[in-house]
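Following: one structure in structure tokens, then a few remarks.
The figures here come from the full heavy-atom set of this structure, side chains too, leaving out hydrogens, waters and symmetry mates. From a predicted model like this one, the values you see are computed outputs, not experimental measurements.
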Amino acid sequence: MSTQHSPEENKVYQQFRTTVDFAMGILYILLPMYMMRIPFILEEYGHSLVYSLSILCMLYGLTRMIRAVFSLRKWLRRPRDQR
């Protein structure tokens with residue numbers, strides 16, 4: 001069984017990875033915003049802990065979205081016959 005993949009499979013994987021990075025980035029940004037609006041979570045764990053974790057999640061989500069944008073820009077810079 002060969003472990004090498006064709007260039008076509010690699011392209012599909014890169015496109016899939018870019019889509020997942022962007023979608024997860026959005027999720028990591030929206031989920032903390034939702035967490036901060038639930039009074040029970042704020043009362044149970046305290047404002048400072050919830051806000052700290054929310055900021056970390058939002059930064060990670062932003063990082064994933066930036067990675068997706070850079071990957072997409074790299075893909076779009078290639079000539080059309082190599083896409």
Side-chain angles (χ1 to χ4, degrees):
M1 190 165 185
S2 173
T3 59
Q4 299 209 0
H5 300 286
S6 70
E8 196 62 38
E9 288 176 351
N10 192 20
K11 290 177 194 175
V12 171
Y13 175 73
Q14 290 296 337
Q15 291 171 353
F16 175 73
R17 178 74 188 250
T18 300
T19 305
V20 169
D21 278 340
F22 196 75
M24 291 300 292
I26 291 172
L27 182 68
Y28 274 110
I29 289 173
L30 292 179
L31 189 62
M33 291 170 62
Y34 177 70
M35 275 184 3
M36 288 189 285
R37 293 200 176 265
I38 298 176
F40 169 74
I41 292 176
L42 290 172
E43 291 170 4
E44 184 73 24
Y45 297 106
H47 290 280
S48 60
L49 179 65
V50 172
Y51 288 148
S52 299
L53 289 177
S54 296
I55 289 171
L56 285 175
C57 285
M58 286 181 182
L59 288 174
Y60 182 64
L62 186 63
T63 303
R64 290 206 55 164
M65 289 179 69
I66 289 171
R67 182 171 42 183
V69 167
F70 280 128
S71 177
L72 184 63
R73 286 179 62 201
K74 182 180 172 185
W75 182 75
L76 289 174
R77 285 185 184 162
R78 287 193 261 168
R80 281 203 184 268
D81 60 341
Q82 292 181 1
R83 288 188 205 169

Between atom CG of Leu56 and atom OH of Tyr51, what is the distance when rounded to the nearest 0.5 Å?
-> 15.0 Å
In one Ile/Leu/Val/Met/Phe/Trp/Tyr side-chain cluster, 4.5 Å: Ile26, Ile29 | yes
Side chains of Glu44 and Val50 in contact at under 4.5 Å (non-hydrogen atoms) | no
Would you check if Arg37 and Met33 make a side-chain contact, meaning some heavy-atom pair closer than 4.5 Å?
-> no
Interatomic distance, Thr19 atom OG1 to Gln14 atom CD [nearest 0.5 angstrom] = 11.0 Å
Near Phe70 CZ, under 6.0 Å, is it more than 12 heavy atoms from other residues, nucleotides or ligands?
-> no
Single-linkage hydrophobic cluster Leu62~Leu30, side-chain heavy atoms < 4.5 angstrom = no
Roughly how far, to the nearest 0.5 Å, is the OG1 atom of Thr18 from the CZ atom of Arg64?
-> 11.0 Å
Are Phe22 and Leu76 connected in the hydrophobic side-chain network, where two residues link if heavy atoms are under 4.5 Å apart?
-> no
Flag yes if Leu49 and Phe40 sit in one hydrophobic cluster, no otherwise; membership is Ile, Leu, Val, Met, Phe, Trp, Tyr, and two members link when side-chain heavy atoms are under 4.5 Å apart.
-> yes
Taking side chain as C-beta onward, heavy atoms only, is Leu27 less than 4.5 Å from Met24?
-> yes
Can you see which heavy atom on Met65 is nearest to which on Gly25, and at what distance?
-> CG-CA, 3.6 Å
Closest non-hydrogen atom pair, Ser54 against Met35 | OG-CE, 3.8 Å
Over all heavy atoms of both residues, which pair between Tyr28 and Gly61 is shortest? Give the atoms and the distance, please.
-> CB-CA, 3.6 Å
Do side-chain atoms of Ser52 reach the backbone of Ser48 as a donor and acceptor pair under 3.5 angstrom?
-> yes
With rounding to the nearest 0.5 Å, note down the distance linking CG in Leu31 to CG in Leu53.
-> 11.0 Å
Same hydrophobic cluster for Ile66 and Tyr60, using side-chain heavy-atom links shorter than 4.5 Å among ILVMFWY?
-> no
